[in-house]
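What follows is a set of notes on a single structure, which appears directly below.
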Amino acid sequence: MGILKECINKKVTSSIPIWFMRQAGRYLPEFRKIRSENSNFIELCLNPTLSKEITIQPLRRFQIDAAIIFSDILLVPYSLGQDVVFEKGLGPKLGKLDFDKISNISDDEILEKLKPIYDLIKLVSNDKIMKNKDLIGFIGATWTLLVYMLNRQSPKKINNGIYTNPKIDQIIEKIIHCQKLHIKNQVLNGASIIQIFDSWAGLASEDQLEKYIYRTTKELVEYTKNLGVEVICFPRGIKSYKKYCDIVKPSAINIDYEVDPFKIAKDIKIPVQGGMDPKCLLLDKDEMLKNAKKYLDVFKDHNYIFNLGHGMIPETNPENVKILVNFVKDFR
Ligand code: 1CP
């Protein structure tokens, strides 16, 4: 067990746990090299040898406390038989959502498609670099997957807005079923923590929050906790983190960079992760560390995991990451 898990279990840790969302990726030259030789992103995710290498690359460089598996939230729609391609510079493009096809897909077919991810988790968790570290498995939240599956591309690019479909309730049940299978198999193969990414939670109306976010995420959180594993939720852009935590009851909550950390520290009693704007890593060293110190100070009496308020951006200089990690590690 690593100190992330200890922190989530409200223990006093030897130092402040730290890892980064999107730590395994585009800002690292060693990743870019592998990526340039592998143009098909899905195939890269489903190559356990290469995805293991990418997963541990940041651990070789920085004193971080966890690895997050190199994979993608859109492998769940892919496993349900919806086409997913990643076009350079354009982001993901999904095929037509064929409900009858999705509803007829068996568990064996889903698991057959996702098996390389479980092989990757096994490979990473057996590597000696993982001693005293946590291995984070993840899924996209039901709402965020629904947004991609119905919108068929990032809502950042074009947002068709109406996430309605006459069969929406059945689609949701099938997604939840697949998410549970994926969570269970990540845990069985060695994931010690699960993070649920709800990247588009901020797009949901009040009504959609009730119908598509609270209920579905609460069900997945309960399911994961019953497997004996902690679950961190990241409902990016949600209006009330407090209400979300009260209803969904995650083991820890990742906050985005737009919320006021003082208010979070006052209102929320469960362990908190993240918050700092990823753009701070593009500032000069002193400015970056001033921002980091703000979060460390605000959460000094809290169980706090240092991380960002969204994923690391591609222009990040790895040297700055190193400076930041060392600063956080020396903080107490
Ligand atoms: O082109 C490339 O080189 C691929 C870029 C890339 C990478 C490195 C994508 C495409 N996905 C990933 C890996 C990834 N995705 C990880 C593992 C690496 C790590 O975190 O260290 C994780 C956890 C994700 C999760 C993910 N994928 C999210 C949730 C987190 C977030 O950033 O909000 C989302 C929304 C996706 C969808 C996705 N995958 C990739 C793209 C370009 C997108 C679309 C983003 C958008 O709609 O804006």
Side-chain angles (χ1 to χ4, degrees), residues 18-47 50-59 61-62 64 66-78 82 84-94 117 120-121 124 134-160 182 186 191 193-203 232-238 254-258 273-274 278 307-316 318 321:
I18 177 169
W19 69 281
F20 298 98
M21 293 189 282
R22 298 291 185 109
Q23 67 187 23
R26 292 171 292 184
Y27 70 106
L28 288 179
E30 56 271 37
F31 166 76
R32 282 203 293 266
K33 178 164 188 302
I34 295 180
R35 181 73 174 105
S36 69
E37 294 158 357
N38 294 272
S39 59
N40 185 322
F41 183 72
I42 299 262
E43 269 174 24
L44 179 57
C45 289
L46 296 176
N47 177 328
L50 288 178
S51 52
K52 176 204 167 183
E53 170 58 24
I54 298 170
T55 300
I56 64 177
Q57 278 174 346
L59 280 83
R61 277 185 181 253
F62 317 117
I64 43 182
I68 179 161
I69 58 161
F70 182 77
S71 183
D72 199 87
I73 62 166
L74 298 178
L75 287 165
V76 161
Y78 165 83
Q82 188 172 15
V84 182
V85 289
F86 289 85
E87 290 173 17
K88 266 223 142 47
L90 290 173
K93 287 263 184 283
L94 286 81
I117 304 177
L120 148 75
I121 294 177
V124 175
D134 287 296
L135 180 55
I136 302 168
F138 67 85
I139 54 158
T142 315
W143 165 255
T144 283
L145 292 182
L146 198 64
V147 168
Y148 281 107
M149 290 169 80
L150 296 175
N151 198 49
R152 297 174 52 196
Q153 62 183 314
S154 173
K156 193 168 68 187
K157 306 261 175 196
I158 294 172
N159 185 3
N160 294 319
H182 195 34
Q186 291 185 72
I193 294 173
I194 294 289
Q195 176 142 333
I196 301 182
F197 287 97
D198 211 345
S199 305
W200 299 109
L203 294 179
I232 307 170
C233 287
F234 180 30
R236 184 168 72 94
I238 199 143
N254 195 111
I255 57 171
D256 64 70
Y257 56 86
E258 285 184 324
Q273 171 175 285
N307 201 318
L308 303 173
H310 199 195
M312 196 101 85
I313 41 191
E315 293 78 19
T316 305
V321 181

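Start at 1 and go down the list; that is how both ligands and their atoms are numbered. All residue numbers in this chain count up from 1 along the given sequence.
Here the CZ atom belonging to R236 is positioned 8.0 Å from the CG atom belonging to L203, to the nearest 0.5 angstrom.
In this structure, ligand 1 sits under 4.0 Å from heavy atoms belonging to R22, Q23, A24, R26, R35, F41, I68, I69, F70, S71, D72, I73, F86, P92, F138, Y148, S154, K156, F197, S199, W200, H310.
Using a distance-only test at 3.5 Å, with no hydrogens or angles considered, no donor-acceptor pair links the side chain of Q186 to the main chain of I194.
A search for ring pair (Phe, Tyr, Trp, His ring centres under 6.0 Å) contacts involving F197 returns F138, not counting sequence neighbours. For F70, the ring pair (Phe, Tyr, Trp, His ring centres under 6.0 Å) test picks out F31, F41, with sequence neighbours left out. For T144, the side chain to side chain donor-acceptor pair (under 3.5 Å) test picks out D198, with sequence neighbours left out.
Residues Q23 and L59 form a side-chain contact, since some pair of their non-hydrogen atoms from C-beta on lies under 4.5 Å apart.
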